[in-house]
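So the structure is just underneath, and the comments pick up after that.
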Number of protein chains: 2
Amino acid sequence: MSAVPSRRRTGRDQLLAVALRLFARDGIQATSLQDIADEAGVTKAGLYYHYKTKDEIVLDVLRPLLDALPAVTRRAEAHRTRTARVDEVLGGLIEIALYEHSGFAVLMQDPYLTRLLGQQESMRQWWDGTSTLILGPDPDPQTRIGLAMFINGLAGAGRDPAMTPLDDRSRRQALLECGRRLLRCD
Amino acid sequence: MSAVPSRRRTGRDQLLAVALRLFARDGIQATSLQDIADEAGVTKAGLYYHYKTKDEIVLDVLRPLLDALPAVTRRAEAHRTRTARVDEVLGGLIEIALYEHSGFAVLMQDPYLTRLLGQQESMRQWWDGTSTLILGPDPDPQTRIGLAMFINGLAGAGRDPAMTPLDDRSRRQALLECGRRLLRCD
DNA sequence: GTCTATATTAGGATAGAC
DNA sequence: GTCTATCCTAATATAGAC
């Protein structure tokens, strides 16, 4: 294991943080390499030392998210009861939506990314598997739609003004309650 | 009242239909005037006879939506009981999400539009008023977040595969049920 | 690892013919 | 009302110096 001295925000790490902020604020397509370079205090050419293309930056920015989602599902698969699996998935998704909410919103909603990932179908497959895991093989439409509303609403609800007065624990609790109501697990 | 002979898809109407489809599929920013012109079978310059700028096209595409949302709120204001107002708002939003779901998704989620409208704050004001109308002046956080999840989830749920097997009436019913659960009106 | 300078392409927008 | 031709700008990307 190599040493990680002082965890300085340098090189790629800093670029990724800047890029994510701009992607979340303006959308990926509207964020130019110039914008990222300016904000990071380097030149456009400087970016190309680290990344060959813009898409490479985009995918690297969202790498933590793209890894975290399947991890949630794997943890849920370990449970034996449906209730436990549902709680694991809802809790895991909420955790991600709250703590990486910029990335989660980009991942769920940005049209640029939808196209980029759509080519590899990985997201859709993950979601199919996860849905089946918590809904069962032949779910009733109402519950399926409730789940769709939850996952789609999570990104938006996570950054809603209604969240501001709440502390972390209350936020998790409120979102979990939404999920349970939609899935009729209350 | 002028005659509307044969309702031909011509001129602006056809351009708007094409533009909306591309905006919904690829995002506004990723849709160039060239793309719209190609798909509509005209040249880029042809677009400029009808519209001076791209933003003008964008706003005209979404005009029906931007008019429909305040109309829902006005109808809801006419009711005296909270329950009736909630049903009017939920029903109205669902109607829009189902029958203009491309436009609704663009309106709710496209970063380009968020910026364009953000400058005039009109959407935020409409939503503030509508929230207050159905939640009351001092709502509890859980219900506020439930409403946020509903409005944000509606766009995504409206085009989810889970909708496919259902007819129109069942779709409306399922989405209404989601809203009622989130707002605890069941 | 970051810079200056530049190639190349695409996008928004305009002028003026038909 | 639509076309051809063109302008200008900005965006992705590369070459090569420091």
Side-chain angles (χ1 to χ4, degrees), chain A residues 2-62 106 110-113 115-117 119, chain B residues 2-62 106 110-113 115-117 119:
Chain A
S2 68
V4 182
S6 78
R7 202 71 181 100
R8 249 175 67 235
R9 279 265 171 180
T10 179
R12 294 167 99 99
D13 277 356
Q14 204 244 7
L15 292 182
L16 292 179
V18 165
L20 175 56
R21 189 158 47 80
L22 296 179
F23 289 164
R25 195 189 62 185
D26 301 329
I28 298 174
Q29 183 97 11
T31 302
S32 70
L33 298 182
Q34 188 69 65
D35 294 333
I36 299 174
D38 287 351
E39 200 79 0
V42 297
T43 63
K44 248 195 307 182
L47 298 182
Y48 280 95
Y49 173 76
H50 297 285
Y51 297 99
K52 274 201 300 294
T53 66
K54 184 181 180 180
D55 285 356
E56 227 175 80
I57 300 182
V58 171
L59 288 177
D60 214 22
V61 161
L62 295 168
V106 171
D110 198 294
Y112 186 100
L113 196 73
R115 282 193 113 185
L116 192 61
L117 294 181
Q119 292 165 353
Chain B
S2 70
V4 182
S6 78
R7 201 71 178 100
R8 249 176 64 235
R9 280 267 170 180
T10 178
R12 294 168 99 99
D13 278 355
Q14 204 244 9
L15 292 182
L16 291 179
V18 165
L20 175 56
R21 188 159 48 80
L22 297 180
F23 289 164
R25 195 189 62 186
D26 301 329
I28 299 175
Q29 184 97 1
T31 302
S32 70
L33 298 181
Q34 188 69 64
D35 293 333
I36 299 174
D38 287 351
E39 199 79 1
V42 296
T43 62
K44 249 198 301 183
L47 298 182
Y48 280 95
Y49 173 77
H50 298 285
Y51 297 99
K52 275 199 299 293
T53 65
K54 184 181 180 179
D55 285 356
E56 228 176 80
I57 300 181
V58 172
L59 289 177
D60 215 22
V61 162
L62 295 167
V106 172
D110 198 293
Y112 186 100
L113 197 72
R115 284 192 112 186
L116 193 61
L117 295 180
Q119 293 165 352

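In what follows, chains are A, B, ... by sequence order, proteins preceding strands, each numbered from 1.
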In whole angstrom, what separates [X]'s [atom1] from [N]'s [atom2]?
| X | N | atom1 | atom2 | value |
| --- | --- | --- | --- | --- |
| A:Leu47 | C:dT2 | CG | P | 10 Å |
| B:Gln29 | D:dT12 | CD | P | 10 Å |
| A:Tyr49 | D:dG16 | OH | C1' | 15 Å |
| A:Asp38 | C:dC3 | CG | C1' | 14 Å |
| A:Leu33 | D:dT14 | CG | C1' | 13 Å |
| A:Lys44 | C:dT6 | NZ | P | 14 Å |
| A:Gln34 | D:dA13 | CD | C1' | 13 Å |
| A:Tyr51 | C:dT2 | OH | P | 12 Å |

(message) Here's one to test your reading of the geometry: is the NZ or CZ of A:Arg12 within 45 degrees of the ring axis of A:Tyr49 and under 6.0 Å from its centre?
(response) no
(request) Check whether the side chain of B:Lys54 and the base of C:dG11 form a donor-acceptor pair under 3.5 Å. (result) no
[X] side chain near [Y] side chain, heavy-atom distance below 4.5 Å:
| X | Y | result |
| --- | --- | --- |
| A:Asp110 | A:Phe23 | no |
| A:His50 | A:Asp60 | no |
| B:Leu117 | B:Leu59 | yes |

(message) Students often get this wrong, so: under 4.0 angstrom with heavy atoms, is B:Thr43 touching a base, only sugar-phosphate, or nothing?
(response) base
(message) Heavy atoms from C-beta onward define the side chain here; which of C:dT4, C:dT2, C:dG12 lies closest to that of A:Ala45?
(response) C:dT4
(message) Tell me whether the side-chain N/O atoms of A:Tyr48 come closer than 4.0 Å to OP1 or OP2 in D:dT14.
(response) no
(request) Between A:Asp35 and A:Lys52, name the one whose nearest nucleotide on DNA chain D is closer to the 5' end. (result) A:Asp35
